[in-house]
Number of protein chains: 2
Amino acid sequence: MNYTTVYKILHNDLKSIENRLEKVLETESPLLKQSSLHYLQAGGKRIRPILVILSGKFGNYDIEKIMDVAVALELIHMASLIHDDVIDDAYTRRGRPTVKAKWDDKVAVHTGDFILAKSLDIITNIREHEVHKILSKTMVELSIGEIEQIQDKYNFEQRFTTYFRRIKRKTALLIAASCQLGALAAGAESAVHQKLFRFGYYIGMAFQITDDILDFTASAKKLGKPVGEDLLQGNITLPVLLAMENPEIKREIVQVQETTEPEVLERIIQLIKETGSINRSIDVTHLYLKKALHILDELPDHEVKPLLHTIVKFIGDRKF
Amino acid sequence: MNYTTVYKILHNDLKSIENRLEKVLETESPLLKQSSLHYLQAGGKRIRPILVILSGKFGNYDIEKIMDVAVALELIHMASLIHDDVIDDAYTRRGRPTVKAKWDDKVAVHTGDFILAKSLDIITNIREHEVHKILSKTMVELSIGEIEQIQDKYNFEQRFTTYFRRIKRKTALLIAASCQLGALAAGAESAVHQKLFRFGYYIGMAFQITDDILDFTASAKKLGKPVGEDLLQGNITLPVLLAMENPEIKREIVQVQETTEPEVLERIIQLIKETGSINRSIDVTHLYLKKALHILDELPDHEVKPLLHTIVKFIGDRKF
């Protein structure tokens, strides 16, 4: 089984979620409608809605019960991408111009705010107080993670723990919340949704580290954005941190701060690759995925477990 | 009685709210802490917390009951100011550099997101479902209002209704929500908090129109920003719309789109003043304030009614 198979098995429910997402972003403002549908229509892996559905199966699954959680989480993710692209000065995402590129920074800021507000409005449909509490805490952490990303830019002296804490906040916690809230909204018992939180946390960490690896190893076409963009922006990721353990390589890497010349960047990327830090980073993702599989074993038997297994495998192998 | 007297009477409770606001924005990220405290420490009229307190008195008032509502609303307001300053390219507010000026657009976007997330986290302390529903709807309208402000920029053909709908979304609804939610959180009955919503809506409309008038009539020092800034940014406000009823004046005003020269702007401001559109705008604020006073009459007798009366008077007379 692969990711596409999972997608096909869940097709009907994913389609309902997709329709609801489009409906939610309907607004009388033509500009806001276009700008907010822009990312939605670009597609994406929809990993968060998929995790909400699969985790929801551990409770009394009903698409209507988990719909609002899935929609809200995907919207929060989308809003954070739009604001991130303002921060990172990014002009392409998923192979299409970003909101800030197609319109401008101003439209992007408010489109993000609008999508965020819509997600909150959706989530108020849910009465479980715990859902609100978990979600708002996640959003606080997410925004701290994002500001840390600015703060830590070009900081070549940062520690590994700084990196791991940052990606936990920036990515892993929202994926963890997707798993936990899907189960919680479907009425799964506490021990189960807490385990799913940890499952989501581990795959979320692996997911972000893989993203950081792909920035070096994937083609610009697959990435939908230039290769080495993270490093050029001063985002110090795991492959870079590992490569910098060699002081000579570090001296070369820090040059990226003073240049935007493609040849220099290419040479630095080549050097990083030659240190073997990519493979060591892959090893770290596998450690996280192993922990995720361990949690999966502890979860009650259920027919969706092979699907979650496939997700874990996908995150370990994905090339885009 | 004047606004300062109201402030003094409510001093203890306002001080508690102020302390809580500061505490909420405590975070381990030094950058985020500084940037988010930046506006808070600049002071401000605190009109929303004051309205929350006064409205709360119509229920079983208890500072602890209304604290979270007051803090959350002030934070939402603050976050929207920070994002607005990115949109409007504003470098000063309340006589101090804006977050975007002191740091940059990127820090401003995420600081706004952080403050917003914190406000949501606070509001989850409140169990009343209706509070969440009203607040999220208000935030959706607020973000639509903000994008409309971008969309309507330099649109010299816009109708009066476009302006009124925009300021309703951008300003009046959050002030209306302050009044309603204060009462709701303190357990006031439905008829009362709905009346307070309308009271807040009317004073909110008057508040924004007054803001738009002050852009022309106040000194740069009192404003804490340059005179005529709104018009220079392409924000077409009530005094401008009224002045443009004269086609000759309109021909002069539209020139603002092509120039940033201070002399031209000064001449246009002078022309607008000479049409009498400022006084006509003041008349409109008085119409709204009259409606607010009418609602105030309908509210149950209470010792805070004279204080609300003072707020109405302050909004009609304020010079800053």
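Sequence lines set the chain letters: A, B, ... in the order given, protein chains first and strands last, and positions in each chain run from 1. Just so you know, these numbers use all the heavy atoms, side chains as well, and skip hydrogens, waters and symmetry mates.
B:Asp113 is listed as a side-chain neighbour of A:Asp113, based on a closest heavy-atom distance under 4.5 Å.
Of all heavy-atom pairs spanning B:Lys106 and A:Val86, the tightest one is CE-O, 4.2 Å.
A:Glu148 and B:Ser29 form no side-chain donor-acceptor contact under 3.5 Å, judged by distance and modelled atom types alone.
The side chain to side chain donor-acceptor pair (under 3.5 Å) search around A:Thr171 returns A:Gln208, not counting sequence neighbours. Residues meeting the side chain to side chain donor-acceptor pair (under 3.5 Å) test with B:Lys168, sequence neighbours left out: none. Legend: residues meeting side chain to side chain donor-acceptor pair (under 3.5 Å) with B:His77, ordered by chain and number and at least two apart, are B:Arg48.
Neither the backbone nor the side chain of A:Leu142 comes within contact range of chain B; no heavy atoms are under 4.5 Å apart. Contacts between A:Leu31 and chain B at a heavy-atom distance below 4.5 Å involve backbone atoms as well as side-chain atoms.
With chain A as partner, the option from B:Asp84, B:Thr111, B:Ile144 having the largest number of non-hydrogen pairs under 4.5 angstrom is B:Ile144. Taking B:Asp105, B:Val140, B:Val107 one by one and counting their heavy-atom pairs under 4.5 Å with chain A, the maximum is reached by B:Val140. Of the residues considered (B:Ser80, B:Pro30, B:Ser35), B:Pro30 shows the highest number of contacts with chain A, using heavy-atom pairs under 4.5 Å.
We find the OG1-CD1 distance between B:Thr27 and A:Ile147 to be 9.0 Å, quoted to the nearest 0.5 Å. Expressed to the nearest 0.5 Å, how far CE of B:Met139 lies from CZ of A:Phe114 amounts to 12.5 Å.
With a 6.0 Å radius and a threshold of 12 heavy atoms from other residues, nucleotides or ligands, B:Gln257 has its CD atom above the threshold. Within a 6.0 Å radius of CZ in A:Arg198, other residues, nucleotides and ligands contribute 12 heavy atoms or fewer.
Close approach to chain A, defined as a heavy atom under 4.5 Å from one of its heavy atoms, is seen in B:Ala117, B:Lys118, B:Leu120, B:Asp121, B:Thr124, B:Asn125, B:Arg127, B:His129, B:His132, B:Lys133 of residues 117-133 of chain B, taken by number.
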